[in-house]
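These numbers come from the heavy atoms of this one structure, side chains and all, not from hydrogens, waters or symmetry mates.
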Amino acid sequence: MRSVSIRLDYLGIDALIELIDESHRAVCRTILDDNRQLFEQAPGSTYNHQTWEGGYLDHVIDGMNYARHLFEFDQSFGRPLPFSLSDALLVFFLHDLEKPWRILVDAEGRASNRQGLTTKAQFKKFREQKLAEYGLRLTPEQHNGLTYVEGEHADYSSERRVMNELAAFCHKVDVWCARGWYDYPKPEDDEWTGAGRFRTT
């Protein structure tokens, strides 16, 4: 049996973006720089995961770190992965891009969706408008990954493969980080050495 040695380091958002290939890296850096304050304040969801202030960015950072290590582990079996680590990190960085604009938090701390941003179709349209605004062009494979990172839903077919390998990989990262590690990273004493919340309230 082959032994697997995986680096368990935990990187911050700036270092993670550096692992994305150019020219996508430059656009991701601009998106982050232009919206950093908004990203640092937005919750990760209205209820299900990383619901605290800054949880959006914590979810993205935690998932990108998990994707780095999972990619290395999956590669260790010797079976080919028809996408790069850069592709996976790009998709995960972008996969919830609408959330900082979508989720509103009232004075009592209750989160809800902004009117007009309540359906998966509206989320997708908003993300695509943001990508167009920043001039970020995805390959067909990356577009499929971004479209189906949260599953196939109504597009499922028993007669054709809808979700590509990149989408499937990012989907398993997102499912675990949103449903398994929904309250991670911890604000302190996280079991994953180096992990912690980007911003605590």
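Proximity of a side-chain donor or acceptor of Glu152 to a complementary backbone N or O of Met163 within less than 3.5 Å is detected. Between the side chain of Asn144 and the main chain of Asn164, a donor-acceptor pair closer than 3.5 Å is present. Of the possible donor and acceptor atoms, one in the side chain of Gln122 sits under 3.5 Å from a partner among the backbone N and O of Thr119. Asp106 places a side-chain N or O within donor-acceptor distance of the main-chain N or O of Gly109, the cut-off being under 3.5 Å. Side-chain atoms of Arg102 do not come within 3.5 Å of backbone N or O of Asn113 as any donor-acceptor pair. A donor-acceptor pair under 3.5 Å links the side-chain atoms of Asn65 to the main chain of Ile61, judged by distance alone. Between the side chain of Glu141 and the main chain of Leu166, no donor-acceptor pair closer than 3.5 Å is present. Between the side chain of Trp192 and the main chain of Leu8, a donor-acceptor pair closer than 3.5 Å is present. At distances below 3.5 Å, at least one donor-acceptor pair connects side-chain atoms of His171 with backbone N or O atoms of Val149. The backbone N or O of Ile31 lies less than 3.5 Å from a partner atom in the side chain of Asn35, making a donor-acceptor pair.
Taking SG of Cys28 as the start and CD of Glu22 as the end, the distance is 9.5 Å to the nearest 0.5 Å. Once rounded to the nearest 0.5 Å, the distance linking CZ of Phe39 with CG of Asp33 reads 10.0 Å. Taking CG from Asp96 and CG from Leu57, the interatomic distance works out to 11.5 Å, rounded to the nearest 0.5 Å. Atom NZ of Lys124 sits about 14.0 Å away from atom CG of Leu97, to the nearest 0.5 Å. Atom NE2 of His95 is separated from atom OG1 of Thr147 by 13.5 Å, given to the nearest 0.5 angstrom. Taking CG from Leu19 and CG from Leu11, the interatomic distance works out to 6.5 Å, rounded to the nearest 0.5 Å.
Grouping the Ile, Leu, Val, Met, Phe, Trp and Tyr side chains by contacts below 4.5 angstrom, directly or via other members, places Val105 apart from Trp52. Grouping the Ile, Leu, Val, Met, Phe, Trp and Tyr side chains by contacts below 4.5 angstrom, directly or via other members, places Ile103 apart from Tyr182. Linking Ile, Leu, Val, Met, Phe, Trp and Tyr residues whenever their side-chain heavy atoms come within less than 4.5 Å leaves Val175 and Phe73 in two separate clusters.
Contacts of Arg79 classified as side chain to side chain contact (heavy atoms under 4.5 Å, CB included), with partners at least two apart in sequence or in another chain: none. With sequence neighbours excluded, the residues that form a salt bridge (Lys or Arg N to Asp or Glu O under 4.0 Å) with Asp14 are Arg29, Arg36. Qualifying ring pair (Phe, Tyr, Trp, His ring centres under 6.0 Å) partners for Tyr148, counting only residues two or more places apart in sequence or in other chains: none. Not a single salt bridge (Lys or Arg N to Asp or Glu O under 4.0 Å) links Arg137 to another residue, sequence neighbours left out.
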>> Pair Tyr10, Asp190 - check side chain to side chain donor-acceptor pair (under 3.5 Å), show working.
In response: CA-CA 11 Å; Tyr10 195 93; Asp190 194 295; over 6 Å; no
> Please walk me through it: do Asp58 and Lys186 pass salt bridge (Lys or Arg N to Asp or Glu O under 4.0 Å)?
Replying inline: CA-CA 10 Å; Asp58 284 326; Lys186 290 182 177 176; over 6 Å; no
> Can Trp181 and Tyr66 be said to form a ring pair (Phe, Tyr, Trp, His ring centres under 6.0 Å), step by step?
Replying inline: CA-CA 11 Å; Trp181 284 337; Tyr66 183 43; 5.1 Å; yes
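Under the 4.0 Å criterion applied to side-chain N and carboxylate O atoms, Glu150 and Lys120 are assigned as salt-bridge partners. Looking at Lys125 and Glu128, no side-chain N of the basic residue comes within less than 4.0 Å of a carboxylate O on the acidic one, giving no salt bridge. Note on Arg197 versus Glu188: no salt bridge recorded, every NZ/NE/NH1/NH2 to OD/OE distance being 4.0 Å or above. The existence of a salt bridge linking Asp34 and Lys130 is excluded, since no basic side-chain nitrogen approaches an acidic carboxylate oxygen closer than 4.0 Å. Taking a cutoff of 4.0 Å between a charged side-chain nitrogen and a carboxylate oxygen, Arg68 and Asp9 qualify as a salt bridge.
The aromatic rings of His49 and His59 sit tilted, their planes meeting at an angle between 30° and 60°.
Listed by first and then second residue, the ring-ring contact (aromatic ring centres under 6.0 Å, His included) pairs involving residues 102-143 are Trp101-Phe126 (not counting sequence neighbours).
A donor atom on one side chain and an acceptor atom on the other are not found under 3.5 Å apart for Gln50 and Tyr184.
Across all non-hydrogen atoms, the minimal contact from Thr51 to Asn48 is CG2-N, 4.2 Å. The minimum heavy-atom distance linking Ala195 with Pro185 is given by the pair CB-CB, 4.4 Å.
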Just list the side-chain donor-acceptor pairs under 3.5 Å for residues 81-93, sequence neighbours left out, or say none.
from: Ser84; atom 1: OG; to: Ser86; atom 2: N; distance (Å): 3.4
from: Ser84; atom 1: OG; to: Asp87; atom 2: N; distance (Å): 3.0
from: Ser84; atom 1: OG; to: Asp87; atom 2: OD2; distance (Å): 3.2
from: Ser86; atom 1: OG; to: Asp21; atom 2: N; distance (Å): 2.8
from: Asp87; atom 1: OD1; to: Gln142; atom 2: NE2; distance (Å): 2.9
from: Asp87; atom 1: OD2; to: Ser84; atom 2: N; distance (Å): 3.0

